Amino acid sequence: MTVINYRKANSEAIARAMREDPTVVFLGEDVAVAGGAFKSTVGLYEEFGPGRVFDTPISEQAIIGAAIGAAMRGLRPIAEIMFADFLGTCWDGIANHAAKIRYMTDGAYSVPIVIRAHGGAGLGFGAQHSQLYDGLAMSIPGLKVVVPSTPSDLIGLFQSAVRDPDPVLFIEHKALFDVKEELPPEGYTVPLGQARVVRQGSDLTLVATGAMVSVALKAAELVRVRGIDCEVVDLRTLTPLDLTTVLTSLAKTSRLILVEEGPGICGWSSEVAARVADEGFWMLDAPIRRVCSPHTPTPFAESLEALWLPSAEAVAAEIESYS
Amino acid sequence: MTVINYRKANSEAIARAMREDPTVVFLGEDVAVAGGAFKSTVGLYEEFGPGRVFDTPISEQAIIGAAIGAAMRGLRPIAEIMFADFLGTCWDGIANHAAKIRYMTDGAYSVPIVIRAHGGAGLGFGAQHSQLYDGLAMSIPGLKVVVPSTPSDLIGLFQSAVRDPDPVLFIEHKALFDVKEELPPEGYTVPLGQARVVRQGSDLTLVATGAMVSVALKAAELVRVRGIDCEVVDLRTLTPLDLTTVLTSLAKTSRLILVEEGPGICGWSSEVAARVADEGFWMLDAPIRRVCSPHTPTPFAESLEALWLPSAEAVAAEIESYS
Amino acid sequence: TARLASPEHVLLEMLRIREFENRVQSLFSDGLVKGSTHLANGQEAVAVGMAAAMHVGDPVLCTYRGHHHTLARGLTLESAFAEILGRQTGCCGGKGGSMHLTDKSLALMGSYAIIGSHIPIAVGAAWASTLTHDGAVTCCLFGDGTTTIGSFHEALNLAAVWKLPIVFICENNLYSEYTAIHDVVPVEQPAADRASAYGLARIIVDGNDVDAVEETVSRARERAANGEGPSLIEALTYRQGGHSRADPGKYRPQEEVDHWLGRDPITIYADRYGVGPERLAQLTMEAREEVDAALQAALAAPSPSPEALLSNVWSDSSR
Amino acid sequence: TARLASPEHVLLEMLRIREFENRVQSLFSDGLVKGSTHLANGQEAVAVGMAAAMHVGDPVLCTYRGHHHTLARGLTLESAFAEILGRQTGCCGGKGGSMHLTDKSLALMGSYAIIGSHIPIAVGAAWASTLTHDGAVTCCLFGDGTTTIGSFHEALNLAAVWKLPIVFICENNLYSEYTAIHDVVPVEQPAADRASAYGLARIIVDGNDVDAVEETVSRARERAANGEGPSLIEALTYRQGGHSRADPGKYRPQEEVDHWLGRDPITIYADRYGVGPERLAQLTMEAREEVDAALQAALAAPSPSPEALLSNVWSDSSR
Ligand SMILES: Cc1ncc(C[n+]2csc(CCOP(=O)(O)OP(=O)(O)O)c2C)c(N)n1
Ligand SMILES: Cc1ncc(C[n+]2csc(CCOP(=O)(O)OP(=O)(O)O)c2C)c(N)n1
Ligand SMILES: [Mg+2]
Ligand SMILES: [Mg+2]
């Protein structure tokens with residue numbers, strides 16, 4: 001049995017994909033010789049060499065473009081964008097090109113790239129190094145979006161992402177780097193588009209992603225003493241979106257609270273709420289609530305950042321407010 | 001009385017803002033001497049001269065950056081991004097900088113810029129020249145978003161946008177250029193954050209923006225013969241969002257259909273639906289429905305683009321499906 | 001200029017492009033197509049010279065002003081017309097349009113309409129060759145105005161640092177939309193005067209001279225194939241018409257227009273190889289008939305099926 | 001070097017910065033602050049020389065590695081410490097942090113942490129001067145690795161075309177994070193060898209020599225003030241420590257490190273003006289005491305009030 005943390009799971013996930021498929025190459029800033037700004041790609045350059053692992057200049061548009069062009073010619077590039085916030089510097093390549101080329105060429109070309117980006121708050125990095133960009137990515141047709149919350153999911157979902165013929169944005173949460181988990185036997189994968197019920201419950205459904213999954217679980221524990229039994233769903237991928245698992249849970253609980261890191265406006269929680277308010281309307285016994293960060297940039301001060309992030313206590317209070 | 005079309009309303013709106021405030025300057029590609037790629041800025045260079053109206057190189061990042069820097073020093077720049085799709089090439093400047101600088105400096109600096117962009121489908125421009133980027137913009141704290149649907153609103157909202165101390169993305173819909181309207185007497189403005197009820201009705205509420213407002217009105221006419229009386233709300237601005245007007249209407253009708261151009265996923269319609277599913281839940285007699293474009297890029301072929309855009313018939317069918 | 005076919009064949013290629021563009025213009029002015037189109041009348045020599053210099057299978061990426069490049073590289077007149085008309089038989093099934101002509105079977109990796117964005121993609125195509133050792137050299141074409149956008153800079157730097165097998169061709173037609181290039185760049189030659197910033201040689205070629213273009217591009221291709229890295233070629237040419245279908249191009253000084261009309265690439269080439277007016281007229285008729293036949297076939301083709309709306313967003317059917 | 005104060009004053013300024021950075025390093029290693037910080041040990045001369053050359057009211061924009069620039073321009077040690085500690089009394093009320101030191105009262109228009117993005121903003125600041133005729137000249141600082149990103153290219157081109165009053169200073173400290181600059185640019189001098197692409201002169205200065213920096217920047221500022229447009233200065237210097245708090249900088253060859261430690265800007269300056277070891281030690285103590293006092297004051301300051309979380313997202317209260 002292997003126990004591994006989320007940080008090491010990054011390099012392990014990439015290594016497995018590169019061992020399996022020789023057309024997989026990896027590029028990004030300081031990902032090769034240095035082993036990554038977060039030391040999350042250590043060992044890859046040593047194992048796969050300069051022919052498959054590439055350090056680039058600080059040129060996000062070129063990194064994404066290079067990945068797209070190589071993918072259109074049969075390779076399967078993995079491109080790292082160090083912080084998800086920097087996706088803003090190469091958004092055109094991702095949203096206007098990678099995601100649209102297949103459609104615009106009616107299938108002649110596809111763009112099988114995986115864009116890895118480190119996202120999320122909680123580490124005191126401030127407003128320009130703490131975003132997830134998950135909702136923005138989810139809004140783009142042609143782009144798949146993965147947000148793993150555990151080491152084993154990270155590795156399993158990553159294999160599916162690399163094998164997927166479409167562009168995938170794979171957002172790893174910086175605050176989870178030290179989370180440890182035992183891995184299933186080698187060779188497993190986790191399919192895109194399947195949410196995971198991480199806690200069974202009958203009274204209320206909590207849906208979360210990334211670092212908010214553990215927050216939701218903590219909240220579930222907090223309200224358990226009050227006799228409220230929550231089910232917790234980890235979406236794992238935002239596109240494709242597994243609404244079925246959410247609706248199945250809702251059929252049991254009739255109550256839904258969505259826990260999103262970041263301002264929820266036009267985020268995944270607004271989309272899930274909107275879908276449920278349509279397809280799941282008759283199952284609802286109460287309003288759909290969202291616990292999100294306030295609609296502000298991420299503040300730097302530790303005290304403010306702690307307030308900015310949804311807390312288990314805030315989620316618990318929300319649950320009790322109408323259970 | 002002046003009757004003016006939406007295209008001319010563009011230059012009129014800018015001219016009024018520049019006449020009123022000498023600190024207002026205007027920059028963009030081919031906006032000065034040529035009068036704009038859409039001829040929607042004709043006459044400004046002639047009236048205000050090379051000291052206030054500027055042609056730029058093809059450098060969207062520099063255009064947005066220049067506007068931000070000048071705004072931080074007391075000017076009120078209007079920056080044109082020719083097609084809203086190109087916002088992807090300067091998204092970092094808009095979302096990571098213009099929108100965040102005020103918060104990151106705790107109010108020491110503000111960024112009073114207006115970014116004009118021509119958005120929307122229906123003209124056969126294809127996948128990279130037909131997007132609105134409205135939902136993406138709405139998700140960004142610190143950025144206001146305006147989507148005028150008529151010439152008079154365009155002019156009135158634009159004055160408010162230019163006077164606003166915060167960055168505003170002002171999305172003009174290309175398909176509305178030839179829409180004519182009589183203007184109120186000079187000097188009026190339309191405040192940001194106030195939706196407009198464009199049609200009174202008692203059975204069902206339709207919410208739309210931009211080019212979809214007339215689609216919603218047509219749909220309302222189509223179902224009137226069946227005795228269904230729709231209220232139609234034009235949001236006009238997405239940030240600030242006037243949910244009150246939507247909820248007030250819903251209190252009358254108890255039924256809500258949102259009509260959004262573009263894939264609705266994480267769009268304004270998902271946010272409005274999510275808010276209503278929370279704050280307006282007990283008013284709803286039926287699921288919240290959304291009529292959006294399919295989750296695909298905009299196809300080029302006229303026949304496909306017509307299918308891609310929500311039509312009055314599709315909205316009417318949706319209305320009848322559960323009225 | 002070994003790789004170039006017989007003079008008459010070369011002339012025919014240029015005439016085919018010229019006639020194609022003229023027909024496209026009328027399709028738009030007659031309202032048969034919505035949207036916009038960007039013609040290359042006057043720039044045919046760059047396309048035909050480039051097409052001859054690049055080898056079969058070499059990836060080529062160009063822009064919305066790319067009818068001439070794609071046709072010169074073998075895109076059939078019919079599938080080009082069909083695409084521009086939004087028909088099912090178009091090279092993109094009607095989903096791309098005039099600005100996005102593409103044909104994978106010809107390694108035409110696409111025509112792109114957001115300025116500069118295709119240059120990094122072309123760099124990726126060249127990078128793939130160094131990984132697969134397929135011996136291909138990529139060609140990436142763009143305009144003079146494109147030298148001021150960030151993606152141009154990032155792409156050239158990366159291609160140079162990685163010594164990638166790619167030939168960049170900047171078609172300097174003196175304008176970006178309605179703006180004269182000298183109003184927006186602080187150097188004389190927008191591309192050539194910047195080559196040194198990427199450790200590249202300063203290369204300028206007469207873009208209205210097929211032979212010169214072919215020679216220059218061939219040399220650049222050879223360097224690339226020999227692992228000597230990228231080249232940046234600035235081809236001096238002129239857009240005989242306006243920027244797009246709606247633009248009469250009135251902002252251009254008449255002397256300038258006259259000067260360049262006097263340097264028409266087709267006439268230059270015909271004169272050089274002693275192809276007289278009568279013969280040229282015959283060849284023009286030939287080209288026109290071919291173009292018209294293709295147009296008729298394209299016009300007869302059906303629009304895309306409604307199912308096409310939802311197809312090929314994803315490789316699988318997942319939403 | 002008229003604008004420079006007495007040698008001892010200049011030394012004190014550099015020592016103040018050096019001591020400040022050393023304290024910041026311990027704050028992070030002692031876990032008093034989360035997140036990251038980027039120190040400028042070894043680059044003090046660029047900051048002090050620049051600060052002396054620019055006039056009062058001249059806008060200055062720098063990066064996450066900007067403690068030295070902001071302090072040299074007058075940001076108080078206490079408000080800098082307080083900001084880095086996330087206190088209410090910080091120059092950004094604790095909402096910015098180590099990477100974003102800003103002070104409007106000093107025209108310190110911000111420290112930016114997304115590579116290159118501040119360069120177009122600086123161009124806008126300079127553009128404003130041409131519109132308001134306020135006579136100010138903007139200074140924009142960035143690193144060697146920043147010369148490969150698109151915004152650098154767009155900003156320099158626009159500044160040159162519009163002949164804006166701005167001085168660009170590239171601090172070439174040989175590394176971008178853990179990557180040697182020569183591995184990512186195809187030219188010898190990342191900035192200077194690119195100046196010609198913007199029609200600018202090739203300017204290189206010893207970044208560890210305060211006098212040289214002050215002179216060079218003064219000349220550039222004068223040109224700008226006279227309407228002769230922008231200058232791009234490459235200052236050769238060295239990052240004595242790692243890239244950020246966690247980086248020991250092991251990837252740097254020892255000889256290189258030794259060579260540059262032997263060129264410490266403070267020692268160079270002290271030697272030139274005959275300030276001996278004892279006196280230097282005294283001055284260092286002076287600086288250290290000043291720094292420590294400021295740190296104590298900053299540590300005593302309160303965290304931001306909870307209301308600060310929601311304030312200043314918007315100018316009004318609209319949501
Ligand atoms: C990022 C971006 N900005 C602006 C435009 C609008 N636009 C289309 S063509 C063009 C001019 C390009 O000029 P040039 O590069 O010289 O190419 P040419 O049209 O002359 O072939 C512009 C500004 C665009 N398509 N993309
Ligand atoms: C767009 C973007 N890409 C990557 C990074 C991560 N990053 C932070 S500092 C840095 C190196 C910058 O090197 P240089 O420009 O030489 O400045 P220095 O740190 O040496 O002062 C990188 C890559 C970033 N902040 N922004
Ligand atoms: Mg041109
Ligand atoms: Mg550096």
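First the proteins, then the strands, lettered A, B, ... as listed; each starts at 1. What you see is a predicted model; the values in this text were computed from it and never measured.
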Atom group of D:Ser305 that falls short of 4.5 Å from chain A, counting heavy atoms: backbone
Checked A:Asp30, A:Thr296, A:Leu123, A:Asp85 vs chain D; the most non-hydrogen pairs under 4.5 Å come from A:Asp30
Heavy-atom closest pair, residues D:Gly86 and A:Ala301: O-CB, 3.5 Å
Interface moiety of A:Ser303 toward chain D, non-hydrogen atoms closer than 4.5 Å: side chain
Pick from D:Ala246, D:Cys92, D:Gly150, D:Gly96: which one has the most heavy-atom pairs with chain A under 4.5 Å? D:Gly96
Are D:Lys95 and A:Leu304 packed together at the side-chain level, in the sense that at least one heavy-atom pair is separated by less than 4.5 angstrom? yes
Measure D:Ile181 against the heavy atoms of chain A and call it side chain, backbone, both or neither at under 4.5 Å. neither
Value for NE2 (D:His100) from NE2 (A:His129), rounded to nearest 0.5 Å, stands at 6.5 Å
Within 6.0 angstrom of A:Lys174 NZ, more than 12 heavy atoms from elsewhere: yes
Members of residues 52-63 of chain A whose heavy atoms come closer than 4.5 Å to chain D: A:Thr56, A:Pro57, A:Ile58, A:Ser59, A:Glu60, A:Gln61
When the 4.5 angstrom heavy-atom criterion is applied to A:Gln128 and chain D, the contacting part is both
Pair A:Phe300, D:Lys34 - check side-chain contact (heavy atoms from CB on, under 4.5 Å), show working. CA-CA 9 Å; A:Phe300 164 73; D:Lys34 288 205 301 185; over 6 Å; no
Hey, could you give me the OG/CD distance between D:Ser303 and A:Glu302, rounded to the nearest 0.5 Å? 8.5 Å
Min side-chain heavy-atom separation A:Trp308-D:Leu309 under 4.5 Å: yes
With a 4.5 Å cut-off on side-chain heavy atoms, are A:Phe86 and D:Ile114 touching? yes
Which portion of D:Val185 sits near chain A, non-hydrogen atoms under 4.5 angstrom: neither
Verdict with reasoning, A:Met82 to D:Glu177, per side-chain contact (heavy atoms from CB on, under 4.5 Å): CA-CA 12 Å; A:Met82 200 180 293; D:Glu177 287 200 346; 3.3 Å; yes
